[in-house]
A.B. asks: 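Could you have a look at this structure, given as structure tokens, before my questions?
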Amino acid sequence: MPELPEVETVKRGLAPTFEGALIETVDQNRPDLRFPFPERFVDRLSGARVNALSRRSKYLLADTDRGDVLVMHLGMSGSFRIENDLSQSAPGAFAHPKGKNEKHDHVVFHLETAARNEARVIYNDPRRFGFMDLIPRAELSEHPYFKDLGLEPLGNDLSGETLARLFQGRKSPLKAALLNQKLIAGLGNIYVCEALWRTGLSPTRAAGSLVTKSGKPSKAAVELAANIRETLQDAIKAGGSSLRDHTQTDGTLGYFQHSFAVYDREGEACRTKGCTGAVNRIVQSNRSTFFCPRCQS
DNA sequence: AGTGGGACCTGTCCGC
DNA sequence: TGCGGACAGGTCCCAC
């Protein structure tokens, strides 16, 4: 599922339940996801209180009063759902599509929320590309997960200037550079395709071609920076994208997939005003790229 | 140094 | 209806 807008949506969905909550106990239903769970995972969390929930790139971070930060990554197919007093009294409103998928409920957090309600937060991940880890707060920024991460595209750091600095002299395709988490952290396959289409830029051109000889950002670089932010913000507003069976924490669907201009629209008409092109699919770095060869150059 | 390709997993969909 | 292959939102690791 999850690129930055989906992880942000999950964070916002979980925060009211998680923040200030006491973790009474944890069910860890298997020894590993993508990686083994850390030593004494259940013991180190049981009895801890969650100070705050935050996001860095595509990672969710639950800061605890034990000095450990619970780091969670959703991989390709991870999702959370919440079961609480409210969902039991009004199952329709908060029901998550259940059934055959429940065998992939790998972790259950049993919580007493800040409002003193009992709640369960359940992590489900069919492909098990996600993972959880516990890292002492003081070691977080130097931890391998985080130390090489690039800038946050939603902060004030992303601009034509910063893109020019990151891309100068880079011969790799623009799409690969945007997916490189060491440069910009949090972009994934969907939103890179969408932001490039919005800017009329080909995914195959060299990243360095957005930089002038004097090292200044081109007009396209300035526009791309703005369009990346705008694409992500639009997606967050829409509650993220729900592809396949992914849902938000309350079981509702995101809506941004209806706004895709190119992603997963191979052969369909380009949505650029006045453009008569069709969306193409090519493979770059073993991953699908969708773009309109007529209006993206 | 920086990049492309394969690997990690399960589920789904499409063509035969 | 069954079966094989391709494909899926991410990222790590290893050859070039």
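Just so it is clear: chains get the letters A, B, ... in the order the sequence lines come, proteins before strands, and each one is counted from 1. The basis for the numbers below is simple: all heavy atoms, side chains too, and nothing from hydrogens, waters or symmetry mates.
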A.B. asks: Take the angle between the ring planes of A:Y59 and A:H73 and call it parallel below 30°, perpendicular above 60°, tilted in between.
C.D. replies: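 It falls in the perpendicular class, over 60°.
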A.B. asks: Take atom P in B:dG5 and the same atom in C:dC7, then report the distance between them in whole Å.
C.D. replies: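 Their P atoms lie roughly 14 Å apart.
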A.B. asks: When rounded to the nearest 0.5 angstrom, what is the spacing between CD in A:Q168 and CG in A:L210?
C.D. replies: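 Between atom CD of A:Q168 and atom CG of A:L210 there are 12.0 Å.
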A.B. asks: Using Watson-Crick or G-U wobble geometry with both distances under 3.5 Å, which nucleotide pairs with B:dG4?
C.D. replies: C:dC14
A.B. asks: Please report the distance, rounded to the nearest Å, between CG in A:L33 and C1' in B:dC8.
C.D. replies: 13 Å
A.B. asks: Any chance you could measure A:L163, atom CG, to A:E223, atom CD, to the nearest 0.5 Å?
C.D. replies: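 These two atoms lie 12.0 Å from each other.
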A.B. asks: With both distances under 3.5 angstrom, what nucleotide forms a Watson-Crick or G-U wobble pair with C:dA6?
C.D. replies: B:dT12
A.B. asks: Less than 4.0 angstrom between a side-chain N/O of A:K182 and OP1 or OP2 of B:dG2, yes or no?
C.D. replies: no
A.B. asks: Would you say A:L60 and A:K58 make side-chain contact, with heavy atoms under 4.5 Å?
C.D. replies: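 In short, these two side chains do not touch, never coming nearer than 4.5 Å.
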A.B. asks: Using atom names, set out every protein N or O paired with an N or O of nucleotides 3-6 of chain C below 3.5 Å, distance rounded to 0.1 Å.
C.D. replies:
none

A.B. asks: The side chain of A:N286 is closest to which nucleotide in this list: C:dG9, C:dA8, B:dG5?
C.D. replies: B:dG5
A.B. asks: Is A:D63 salt-bridged to A:R137, cutoff N-O under 4.0 Å?
C.D. replies: yes
A.B. asks: Quick one: are A:L187 and A:N180 in side-chain contact, heavy atoms under 4.5 Å?
C.D. replies: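 A side-chain contact under 4.5 Å is absent here.
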A.B. asks: For A:Q28, does its backbone N or O pair with a side-chain atom of A:H106 as donor and acceptor, under 3.5 Å?
C.D. replies: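 Flag not set: sc A:H106 to bb A:Q28 has no pair under 3.5 Å.
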A.B. asks: Can you tell me how far P in C:dG5 sits from the matching atom in B:dA7, rounded to whole Å?
C.D. replies: 15 Å
A.B. asks: Using a 4.0 Å heavy-atom cut-off, does A:N189 contact any base of the nucleic acid, only the sugar-phosphate backbone, or nothing at all?
C.D. replies: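 A:N189: backbone/sugar contact only, no base atoms under 4.0 Å.
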A.B. asks: Whether A:Y263 contacts C:dG9 is assessed here as follows: a side-chain N or O lying under 4.0 Å from the phosphate OP1 or OP2. Is that the case?
C.D. replies: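 Yes, because at least one side-chain N or O of A:Y263 sits under 4.0 Å from OP1 or OP2 of C:dG9.
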A.B. asks: Atom NE2 of A:H104 and atom P of C:dA8: how far apart are they, to the nearest Å?
C.D. replies: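 It is 20 Å, rounded to the nearest whole Å.
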A.B. asks: Looking at C:dT11 and A:F129: do their rings stack (centroid distance under 5.5 Å, interplanar angle under 30°)?
C.D. replies: no
A.B. asks: Can you tell me which residue among A:Y255, A:Y263, A:Y191 is in a side-chain hydrogen bond (donor to acceptor under 3.5 Å, both in side chains) with A:S241?
C.D. replies: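 That would be A:Y191; it is the only one of A:Y255, A:Y263, A:Y191 passing the side-chain hydrogen bond (donor to acceptor under 3.5 Å, both in side chains) with A:S241.
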A.B. asks: Using whole Å, what does the distance between atom P of nucleotide B:dG2 and atom CG of A:D148 come to?
C.D. replies: 12 Å
A.B. asks: Rounding to a whole Å, what distance do you find between A:D125:CG and C:dG9:P?
C.D. replies: 15 Å
A.B. asks: Are A:S285 and B:dG4 close enough that a side-chain N or O sits under 4.0 Å from OP1 or OP2?
C.D. replies: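 For B:dG4, OP1 or OP2 has a side-chain N or O of A:S285 closer than 4.0 Å.
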A.B. asks: Less than 4.0 angstrom from a charged side-chain N to a carboxylate O is my criterion; do A:R198 and A:D234 meet it?
C.D. replies: yes
A.B. asks: A:S172 has a side chain; which of B:dT3, C:dG9, B:dG4 sits nearest to it?
C.D. replies: B:dT3
A.B. asks: Rounding to a whole Å, what distance do you find between A:E266:CD and C:dC7:P?
C.D. replies: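 Value for this atom pair: 10 Å.
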A.B. asks: C:dT11 and B:dA1: how far apart are their P atoms, nearest whole angstrom?
C.D. replies: 23 Å
A.B. asks: Taking the side chain from A:R205 and the backbone from A:P173, do they hold a donor-acceptor pair closer than 3.5 Å?
C.D. replies: no
A.B. asks: Any side-chain N or O of A:K171 below 4.0 angstrom from OP1/OP2 of B:dG4?
C.D. replies: no
A.B. asks: For the pair made of CZ in A:R287 and C1' in C:dC7, what is the distance, rounded to whole Å?
C.D. replies: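 In whole Å, C:dC7 C1' lies 12 Å from A:R287 CZ.
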A.B. asks: Take atom P in C:dC14 and the same atom in B:dC9, then report the distance between them in whole Å.
C.D. replies: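 These two P atoms come out 16 Å apart once rounded.
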A.B. asks: Does OP1 or OP2 of B:dT3 have a side-chain N or O of A:R170 closer than 4.0 Å?
C.D. replies: yes
A.B. asks: So what does A:Q181 hit on the nucleic acid, given a heavy-atom distance under 4.0 Å: a base, only sugar-phosphate, or nothing?
C.D. replies: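 Counting heavy atoms under 4.0 Å across all strands, the contact made by A:Q181 is with sugar-phosphate only.
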A.B. asks: For the pair made of CZ in A:R127 and C1' in C:dC7, what is the distance, rounded to whole Å?
C.D. replies: 9 Å
A.B. asks: Tabulated below should be each protein N or O lying under 3.5 Å from an N or O of nucleotides 12-16 of chain C; please produce it.
C.D. replies:
| from | atom 1 | to | atom 2 | distance (Å) |
| --- | --- | --- | --- | --- |
| C:dC12 | O4' | A:R34 | NH2 | 2.7 |

A.B. asks: I'd like to know if A:E152 and A:R56 make a salt bridge, using a cut-off of under 4.0 Å between side-chain N and carboxylate O.
C.D. replies: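 Salt bridge present between A:E152 and A:R56.
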A.B. asks: For C:dG9 and B:dT3, measure between their C1' atoms and round to the nearest Å.
C.D. replies: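 Looking at atom C1' only, C:dG9 and B:dT3 are 22 Å apart.
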A.B. asks: Taking atom C1' of B:dA1 as reference, at what distance in whole Å does atom CG of A:N180 sit?
C.D. replies: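 Answer to the nearest Å: 12 Å.
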A.B. asks: Between A:H73 and C:dT11, does any side-chain N or O lie under 4.0 Å from OP1 or OP2?
C.D. replies: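 Looking at the OP1 and OP2 atoms of C:dT11, one of them is under 4.0 Å from a side-chain N or O of A:H73.
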A.B. asks: Does the side chain of A:S77 get closer than 4.0 angstrom to OP1 or OP2 of C:dA8 through an N or O atom?
C.D. replies: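 The answer is no; no side-chain N or O of A:S77 sits under 4.0 Å from OP1 or OP2.
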